[in-house]
Number of protein chains: 2
Amino acid sequence: MSDETTEELMGATYRALCKHGYASLRMQDIADESTKSKAALHYHYESKHDLLLAFLEHLYEQFETEISEDCGGDPETQLLTFVEERLTPREEGQKEFQTAILEIKAQAPYDEAYRERLAGFDGLVFDRLRSLLQAGIDRGVVEEDVDPEDTAAFLAEHINGAQLRNVTVGAPLAEARQRLRAYLRREVLVGSGAENGGG
Amino acid sequence: MSDETTEELMGATYRALCKHGYASLRMQDIADESTKSKAALHYHYESKHDLLLAFLEHLYEQFETEISEDCGGDPETQLLTFVEERLTPREEGQKEFQTAILEIKAQAPYDEAYRERLAGFDGLVFDRLRSLLQAGIDRGVVEEDVDPEDTAAFLAEHINGAQLRNVTVGAPLAEARQRLRAYLRREVLVGSGAENGGG
DNA sequence: CCTACCTGACTGGCCAGTCAGTTAAATACG
DNA sequence: CGTATTTAACTGACTGGCCAGTCAGGTAGG
């Protein structure tokens, strides 16, 4: 299959997921977002499941590239930016897409292949957080008693939770972002936290 | 419909959800867990969706009762217990059930009725956390600069995230529990946190 | 004329929901 | 009291729509 075709089908899958979500996604929906027919999808991919796995793989590679790009500024800014970026919808349809991904996450326990791909994403986020925290400690902008491993996991959890709570009950992401920023400044970053005001 | 029948069908729905999850739950699966036939379910409930809503309602009432029961001990213990209880599978099949609920949460954006029920659960947890924090402040076991509203939301988010990350990528709940406990002791509770050890 | 790519039409399985009864218990009636 | 009638609670068999996946071709480039 040509790179062009791959790219088109991955794009169509993205758009279809945004429009319809995962649970009610039909092969026809993906075909409708592309210039190809439903049968063409089955020509290129063995099954719907197979296509979705390829899509996750594709997404992983995109994310991997993207995540290593935005390396501008000091660790403090980078950490704040990275964390808040996870909680800020950027493009059109980003929110719908997050929801679709959440649906896939909820399927992970029933599907090892999904689980593996999703573990990849989580690992990327976790590693990034950990290395930013470590860099922060090395340069003295992150508190010395912060354990990068623990804190990275804590942050990864919290980002997940904020997204989930936003999707589930409509809790505003902006507020979750503020709370997490406050946490970072108070607990993690040097020079703006609790040690300033004792009470 | 008799209370007995209601109870049986709600129980059957619970067991079926544990066994099959939400996405691949069939009316037949629920019937199989009860002494009734599939047609009987349709006799009592207008549709599958209707039955599931009734189930969520039932669950809400159970949870509401349960949550107001465990009112033993000081606010500190209660807070720690409550938070950690959310991150500790109790009964058989609790984990599977949490997964099924997560699947429903992921459907909330497409289904207002689900969203309302789930907002109810979230509200129950949030209110409990907030009042425990307030009680803690009043009795001097929770730091005075803690905002009960913000911290309750932060905790609710974090609990959601820990569960999600556990289900999605198999991150151990026990570790998430420890991290959250550490957070509470360090940031929220008086007398065991950062102010003890400066370096 | 062969291969890669693609299509419209079709098929088979799945499953929510329906329907035409059946049973048993309650209620009315002589 | 015994018998007729109604009603609630069911059941097994069926139906109709949906959709992933198939297939018998078609077309264009090498």
Side-chain angles (χ1 to χ4, degrees), chain A residues 1-58 100 103-104 106-108 110-114 117, chain B residues 1-58 100 103-104 106-108 110-114 117:
Chain A
M1 166 165 46
S2 72
D3 284 3
E4 202 179 336
T5 304
T6 307
E7 211 57 41
E8 181 182 357
L9 297 186
M10 295 297 98
T13 305
Y14 178 88
R15 289 188 295 280
L17 273 173
C18 291
K19 261 196 196 168
H20 305 278
Y22 171 79
S24 58
L25 183 73
R26 296 170 302 135
M27 287 299 261
Q28 190 59 58
D29 296 326
I30 301 174
D32 290 348
E33 294 294 324
S34 76
T35 64
K36 305 283 159 61
S37 71
K38 177 165 77 85
L41 304 183
H42 283 288
Y43 175 77
H44 289 297
Y45 298 95
E46 276 214 338
S47 65
K48 184 183 175 183
H49 189 244
D50 207 50
L51 191 160
L52 265 338
L53 286 181
F55 177 71
L56 286 181
E57 208 78 49
H58 183 80
E103 290 182 78
I104 297 178
Q107 290 308 306
Y110 311 108
D111 190 315
E112 197 182 338
Y114 281 170
R117 304 313 190 275
Chain B
M1 171 168 39
S2 72
D3 285 4
E4 202 180 333
T5 304
T6 308
E7 210 58 40
E8 182 182 355
L9 296 185
M10 295 298 98
T13 305
Y14 177 88
R15 287 187 297 278
L17 273 173
C18 291
K19 260 194 196 169
H20 306 277
Y22 171 79
S24 58
L25 183 73
R26 295 170 305 136
M27 286 299 260
Q28 190 59 58
D29 295 327
I30 302 175
D32 290 348
E33 293 295 324
S34 77
T35 64
K36 305 283 160 61
S37 71
K38 177 166 78 84
L41 303 183
H42 284 286
Y43 175 78
H44 288 297
Y45 299 94
E46 277 212 340
S47 65
K48 185 183 175 183
H49 188 245
D50 207 49
L51 190 160
L52 265 337
L53 286 181
F55 176 71
L56 287 180
E57 207 79 49
H58 184 79
E103 291 181 76
I104 298 178
Q107 290 308 305
Y110 312 108
D111 190 315
E112 198 183 338
Y114 281 170
R117 301 319 188 273

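Remember, it's a predicted structure, so these values are computed and weren't measured experimentally. Numbers restart at 1 for each chain; the letters A, B, ... are given by sequence-line order, proteins then strands.
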Between [Y] and [X], is there a side-chain heavy-atom distance shorter than 4.5 Å?
X: Ile30(B); Y: Leu9(B); value: no
X: His44(B); Y: Thr5(B); value: yes
X: Met27(A); Y: Tyr45(A); value: no

| request: Using a cut-off of strictly less than 4.0 Å between a heavy atom of the residue and any atom of DNA chain C, enumerate the qualifying residues of residues 15-34 of chain B by number. | output: Leu25(B), Arg26(B), Met27(B)

For [X], salt bridge (charged side-chain N to carboxylate O under 4.0 Å, His left out) partners two or more places apart:
X: Glu57(B); result: Arg117(B)
X: Lys36(A); result: Glu8(A)
X: Glu46(B); result: none

| message | Does the plane of the ring in His49(A) sit parallel, tilted or perpendicular to the ring in Tyr114(A)? Use 30° and 60° as the thresholds. | response | tilted

| said: Keeping Glu103(A) on the side-chain end and Ala23(A) on the backbone end, is there a donor-acceptor pair under 3.5 Å? | reply: yes

| query | How is Ser2(B) classified with respect to the nucleic acid when contacts are heavy atoms under 4.0 Å: base, sugar-phosphate, or nothing? | reply | nothing

| message | Does Lys38(A) reach a base, just sugar-phosphate, or nothing at all? Heavy atoms under 4.0 Å. | response | base

| Contact list for DNA chain D against residues 40-54 of chain B - heavy-atom distance below 4.0 Å | Ala40(B), Tyr43(B), His44(B)

| said: Taking NZ in Lys19(B) as the centre, count heavy atoms belonging to other residues, nucleotides or ligands within less than 6.0 Å. Is the count above 12? | reply: no

| request: Summarise how protein sits on nucleotides 25-30 of chain D as a single string, 5' to 3': B when a protein heavy atom is under 4.0 Å from the base, S for sugar-phosphate-only contact, - for no contact. | output: ------

| request: Please report the shortest heavy-atom distance between Ser37(A) and Ala31(A), naming the atom on each side. | output: C-CB, 3.8 Å

